[in-house]
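One structure is given here, and the rest of the page talks about it.
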There are 2 protein chains.
Amino acid sequence: MSPRRSAAEALRTRDRIIDRSVDLASLEGLEGLTIGRLASDLGLSKSGLLGHFGTKEALQIAALRRAAEIFNAEIWAPAEPAAPGLPRLRAVCAAWISYLEREVFPGGCLFVSATFEYDGRAGAVHALMKRQFHAWDGRLTAEIRAAVRAGDLPADTDPAQLVFELYGVMMSLNHTIQLNGDRSAAVRARRAIDRLLAG
Amino acid sequence: MSPRRSAAEALRTRDRIIDRSVDLASLEGLEGLTIGRLASDLGLSKSGLLGHFGTKEALQIAALRRAAEIFNAEIWAPAEPAAPGLPRLRAVCAAWISYLEREVFPGGCLFVSATFEYDGRAGAVHALMKRQFHAWDGRLTAEIRAAVRAGDLPADTDPAQLVFELYGVMMSLNHTIQLNGDRSAAVRARRAIDRLLAG
DNA sequence: ATAGCGACCGAACGATCGGTCGGTATAGCG
DNA sequence: CGCTATACCGACCGATCGTTCGGTCGCTAT
């Protein structure tokens, strides 16, 4: 049926596969993502699709990387113009809540579901996820420290403690939106963040 | 090989199946729980095992119910003797943190993973989970209201807001323990709770 | 003593899983 | 133009999924 595509078109095909993988994985989980379903959704054969990645694990990793790019574009990039420290921290949290509220991923934040799906299992997916969370920990911690230096947060602030609580708010928001379909929980998240970041 | 067991032994068999299901589901997810794996773990045939429940969905529901019993026994029962309101609320949170710290379920709180696994899907499992969360919401809300009436929490406390933030702390704790194996995060959870419940 | 219930087994079902293989047709390069 | 690299397909693999079926055998009630 479909003959060979040009290199440029092949890249677009690969792109479409990853995009659809991210959406499907957010709905069904990274493990529930199946090659057959994905192929039929995109009008490809399983073998043609898998040719782009080799293994399912490689596809999962590609999806996770793409999700990280989207996350960065949604949360960190908009906050970039803000001044380091508390202003940027506030911008990050606002973008984060908005990202959950708008359901950028149809089944909720892919990292939240993936971390609870893969926290126990070993393997490349687990390792990559751990690295990604660690990177975000680092970025958040850096901003918190800057805010403390600037006097915008109390001097005795424990960055790890604050990061821990920030994650909690975001996970609870993701949970409420996805389980109960209650997007208005975003106002509760904003209130919680306001209290956490009050100087 | 194994002949028929008496009715009492059959109940014990059913019990063993459910117990093992809860553990497996906390590690692999309610969907990753497979009949074949479960049967071979317990030295049963797939058909003999499934005969107790009929369908996989019924087994998942039995596992979820059992998990709820354990959760109640771990979190609510120990807090029962405490006075209604803030004392009981503190007891509940302490037991909750301890339950996560001790990893009562080997793969972390089954409800946390299950809610992120099933929040999108329709079906009996989703419905049951939603009901269970709703029940806990109600219990927590009742204690919070009692604490407000007793003057142990500020009069302008929004119970739904507090429940939202309590869930966040527990989810973040579960995440940290399971992804990073860092049980010491329990001290961060206790600090966060102390601040949330400070009069 | 015996009939029947039911817990359990072993074999098999169709479906689907991730993955392999050989072939085909074209795009890009010489 | 011809050559090669490769994007893709269709057929197929063994394994495993949840589920069904017929049969066996011990417990229990008569």
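Just so it is clear: chains get the letters A, B, ... in the order the sequence lines come, proteins before strands, and each one is counted from 1.
- Distance A:Gln60 CD to C:dC17 P: 14 Å, rounded to the nearest Å.
- Using a 4.0 Å heavy-atom distance criterion, B:Leu33 is classed as a sugar-phosphate-only contact.
- Taking side-chain N and O atoms only, B:His52 has no distance below 4.0 Å to OP1 or OP2 of C:dG6.
- To the nearest angstrom, P of D:dC8 lies 10 Å from CZ of A:Arg12.
- In this structure, B:Leu50 places its CG atom 10 Å from C1' of D:dT20, rounding to the nearest Å.
- Among the heavy atoms of the strands lying under 4.0 Å from A:Ile35 are primed sugar atoms or P, OP1, OP2 only; no base atom is included.
- Other residues, nucleotides and ligands place more than 12 heavy atoms under 6.0 Å from the CZ atom of B:Arg121.
- Within the 4.0 angstrom heavy-atom criterion, base atoms lie near B:Ser45.
- To the nearest 0.5 Å, the span separating CD1 on B:Ile70 from CG on B:Asp19 amounts to 6.5 Å.
- The separation between A:Arg14 atom CZ and D:dC8 atom P is 12 Å, rounded to whole Å.
- Rounded to an integer number of Å, the gap from B:Ile17 CD1 to C:dA7 C1' is 10 Å.
- Taking the six-membered ring for Trp and thresholds of 30 and 60 degrees, A:His175 and B:Phe133 have ring planes inclined between 30 and 60 degrees apart.
- A ring pair (Phe, Tyr, Trp, His ring centres under 6.0 Å) with B:Phe71 holds for exactly one of B:Phe105, B:Trp76, B:Trp136; it is B:Trp136.
- As judged by a 4.0 angstrom heavy-atom cut-off over every strand, B:Leu44 is placed among residues touching the sugar-phosphate backbone only.
- Between B:Thr13 and C:dA7, a side-chain N or O to OP1/OP2 separation shorter than 4.0 Å is absent.
- Applying the 3.5 Å distance criterion, the base of C:dG18 shares a donor-acceptor pair with the side chain of A:Lys46.
- Here B:Ser47 does not reach the OP1 or OP2 of C:dA11: none of its side-chain N or O atoms lies under 4.0 Å away.
- Between the CG atom of B:Leu49 and the C1' atom of C:dG10 there is a distance of 15 Å, rounded to whole Å.
- Protein atom CD of B:Glu31 is 18 Å distant from nucleotide atom P of D:dT16, rounded to whole Å.
- Side-chain contact between A:Leu173 and A:Trp96: absent, with no pair of heavy atoms (C-beta onward) separated by less than 4.5 Å.
- One interatomic measurement links the two molecules: CD of B:Glu57 to P of D:dC17, which rounds to 19 Å at whole-angstrom precision.
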